[in-house]
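Written below as structure tokens is the structure these notes are about.
Quick caveat, the model's predicted, so the values are computed rather than measured.
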There are 2 protein chains.
Amino acid sequence: MAFTAPSETLSGSIATDLRAQIARGEWASGDRLPSEHQLAEIYGVSRATIRTALQDLESRGLTVTRRGVGTFVTGRVSGVRADLRELASLSETIRSHGRTPEAVYRSILLRQAETHELASLQLEEGDEVLATERALTADGETVAFSHDLIPARHLGPDFSTTEVTGSLFAVLEAHGVRAVSAVTDIHAVHDPDLGWGERPTDPTYLLLSQLHFDQDGVPVALAHTHFVEGRFHWSLVRHR
Amino acid sequence: MAFTAPSETLSGSIATDLRAQIARGEWASGDRLPSEHQLAEIYGVSRATIRTALQDLESRGLTVTRRGVGTFVTGRVSGVRADLRELASLSETIRSHGRTPEAVYRSILLRQAETHELASLQLEEGDEVLATERALTADGETVAFSHDLIPARHLGPDFSTTEVTGSLFAVLEAHGVRAVSAVTDIHAVHDPDLGWGERPTDPTYLLLSQLHFDQDGVPVALAHTHFVEGRFHWSLVRHR
DNA sequence: TGGTGGGGCATGTCAGACAAGCTACGACGG
DNA sequence: CCGTCGTAGCTTGTCTGACATGCCCCACCA
């Protein structure tokens, strides 16, 4: 048995393995997964660990489990769309859809944080931030324009703006910072002046304003990403 | 101990109780919850049940639990915004923000389903649907325009269009159908011709296209709701 | 023919135990 | 005096085996 993605816990890696199976279409919509007892035997773990993994699937809307019956794959999450719940590098997401991502930086600078940025990033007057403007492309097509902010204190004293390439997450992880969650506001924006270079004919964007946190709840980045409507599809499963 | 909301399972009702506590602000951001062992004693259940409840909280981004340390309240979900993960009646959501909701119907009719609607609702040629157009208001201010579709077979033979009032969920539940999940596509729309009556000056909308399912995975409604940008705020917590 | 009850299997919950990670604090050595 | 190390005692993660309870199906009986 080979797990596709590393995870901290046993149940976590089993959950990602099962999620990958579903994503690969190994279980059709409506299929019943093996019982918890069988899965425990298959993976060589206890039923408790399997239950933890299955609860992860259900919380993501990938399965529905009914007492006395079993757990069933909903399988309604289409493969060509990004799950809004899943916080992943945009580059990774594009690549997982079989397209080639690129981040084209328009500006990279270290500057003092502006007043309205202080509160959300928990900064103090005069603190410096790394401010970047990027266009994100898939196979050369511009998919989004992003304005990102990282407090300089996360980047260390010997930071140089020349090392900024590719994904926002990559920059952070190069300095030992791992963004694990983000509070996201979602807006619709129509602005002909937004963007640069090859602009879309319809200047309508889906804006995700995201405040990223590390595992200790410390804010590590503030990102405003404008997705060109029609070029990137977001979806998610909502629950009662 | 009184649980605020009924739930199928013991762990489920404990989870909603804990969620309510957090929503009421009984735990501040960063607070550590009692240990699983203590919670088990408090609620008079086993540790396994508590763990199931805590996994629900973590999957919603309300808490973070660290091995060997404890589980901590993130408490970053602001109260004035709707959680996109949570599938609730829009009317309920508006009311929970202290405003008065109203659904103003523009049209209600039974008609044959159109070709492009058949597949997603799993209908066959000639099947009838209830098609409605509504404006949703909060304290009289139009918050969204919605086009909704319900297959007639869910409404029974003695259905009359006169009974359609208020929430979409209410109409369904009046006929014993309970929508428990929805696959949602999110788009930005700019269309001066969209909407009716008191239209917003900026015709930019956040469109949620939702296919609702009952607990058995049967599609029960297709809703296209255009939220007037700036009048309703959606947010969610994303996770790695 | 039709309803009814039970058997088997599924998930939900319980109890107790051990493994393993984290924090705090005190002993120890520099 | 200060820093380092180890350990005690907490936490969550996993395991085992058991019982409670819900669901489905089918044999059985009226």
Side-chain angles (χ1 to χ4, degrees), chain A residues 1 3 5-18 27 30-59 61-74 176 178 180 214-218 239, chain B residues 1 3 5-18 27 30-59 61-74 178 180 214-218 239-240:
Chain A
M1 178 192 61
F3 294 132
S7 251
E8 296 291 333
T9 63
L10 197 51
S11 57
S13 50
I14 291 174
T16 69
D17 188 57
L18 288 172
W27 305 97
D31 277 4
R32 206 193 70 188
L33 291 182
S35 75
E36 296 175 352
H37 187 75
Q38 291 172 330
L39 285 173
E41 277 196 358
I42 291 171
Y43 282 98
V45 300
S46 76
R47 214 185 120 210
T49 302
I50 291 294
R51 280 180 64 78
T52 302
L54 289 180
Q55 281 158 24
D56 174 273
L57 297 197
E58 179 158 33
S59 83
L62 297 177
T63 58
V64 173
T65 112
R66 280 189 280 158
R67 178 174 187 172
V69 187
T71 108
F72 297 82
V73 175
T74 59
R178 183 173 160 84
V180 296
D214 71 7
Q215 62 177 11
D216 297 325
V218 177
H239 277 290
Chain B
M1 178 191 61
F3 293 134
S7 251
E8 297 290 334
T9 63
L10 196 50
S11 57
S13 48
I14 291 174
T16 69
D17 188 57
L18 288 172
W27 305 98
D31 277 4
R32 205 193 71 187
L33 291 183
S35 73
E36 297 175 352
H37 186 76
Q38 291 172 331
L39 285 172
E41 277 197 357
I42 291 170
Y43 282 98
V45 300
S46 77
R47 216 186 118 207
T49 302
I50 291 294
R51 281 181 64 78
T52 300
L54 289 180
Q55 281 157 25
D56 175 272
L57 297 198
E58 179 157 33
S59 83
L62 298 177
T63 59
V64 173
T65 112
R66 281 189 278 157
R67 179 174 187 173
V69 186
T71 108
F72 298 82
V73 175
T74 61
R178 182 174 161 82
V180 297
D214 70 7
Q215 63 178 11
D216 297 326
V218 177
H239 276 291
R240 273 239 167 144

Give the minimum heavy-atom separation between A:Leu54 and A:Thr63, together with the two atoms involved. O-OG1, 4.2 Å
Is the phosphate of C:dA15, meaning OP1 or OP2, less than 4.0 Å from a side-chain N or O of B:Thr49? no
Measure the distance from CD on B:Glu41 to P on C:dG16 and round it to the nearest whole Å. 12 Å
Along DNA chain D (nearest heavy atom to each residue), the more 5'-positioned of B:Arg32 and A:Val45: B:Arg32
Is the base of C:dG12 touched by the side chain of A:Arg47 through a donor-acceptor pair closer than 3.5 angstrom? yes
Can you find a side chain N or O atom of A:Arg66 that sits less than 4.0 Å from OP1 or OP2 on C:dT11? no
Find the distance B:His37:NE2 to C:dA17:C1' and express it as a whole number of Å. 13 Å
Classify A:Thr52 by what it touches in the nucleic acid, base, sugar-phosphate, or nothing, heavy-atom distance under 4.0 Å. nothing
Rounded to whole Å, CD1 of A:Ile50 lies from C1' of C:dG12 at a distance of 16 Å
Send over the distance from B:Ile14 CD1 to C:dC14 P, rounded to a whole Å. 7 Å
All heavy atoms of B:Leu57 vs all of B:Ala15, minimum pair found to be CD2-O, 3.8 Å
For a quick test of reading the model: is some side-chain N or O of A:Thr65 closer than 4.0 Å to OP1 or OP2 of C:dG12? yes
Value in whole Å for how far the C1' atom of C:dT11 lies from CZ of A:Arg67: 6 Å
Distance from A:Arg66 atom CZ to A:Arg32 atom CZ, nearest 0.5 Å? 10.5 Å
Minimal non-hydrogen separation, B:Arg47 against B:His37, with atom names: CG-N, 4.3 Å
How many whole angstroms separate atom CG of B:Leu54 from atom P of D:dT11? 13 Å
Is any side-chain nitrogen or oxygen of A:Thr9 closer than 4.0 Å to OP1 or OP2 of D:dT12? no
Got a donor-acceptor contact below 3.5 angstrom from the B:Gln38 side chain to the B:Ser35 backbone? yes
Round to a whole Å and report the spacing from CG of A:Leu10 to P of D:dT16. 11 Å
Rounded off to whole Å, could you give me the CD-to-C1' distance for the A:Glu36 and C:dA10 pair? 8 Å
Any B:Ser35 side-chain N or O less than 4.0 Å from OP1/OP2 of D:dT11: yes
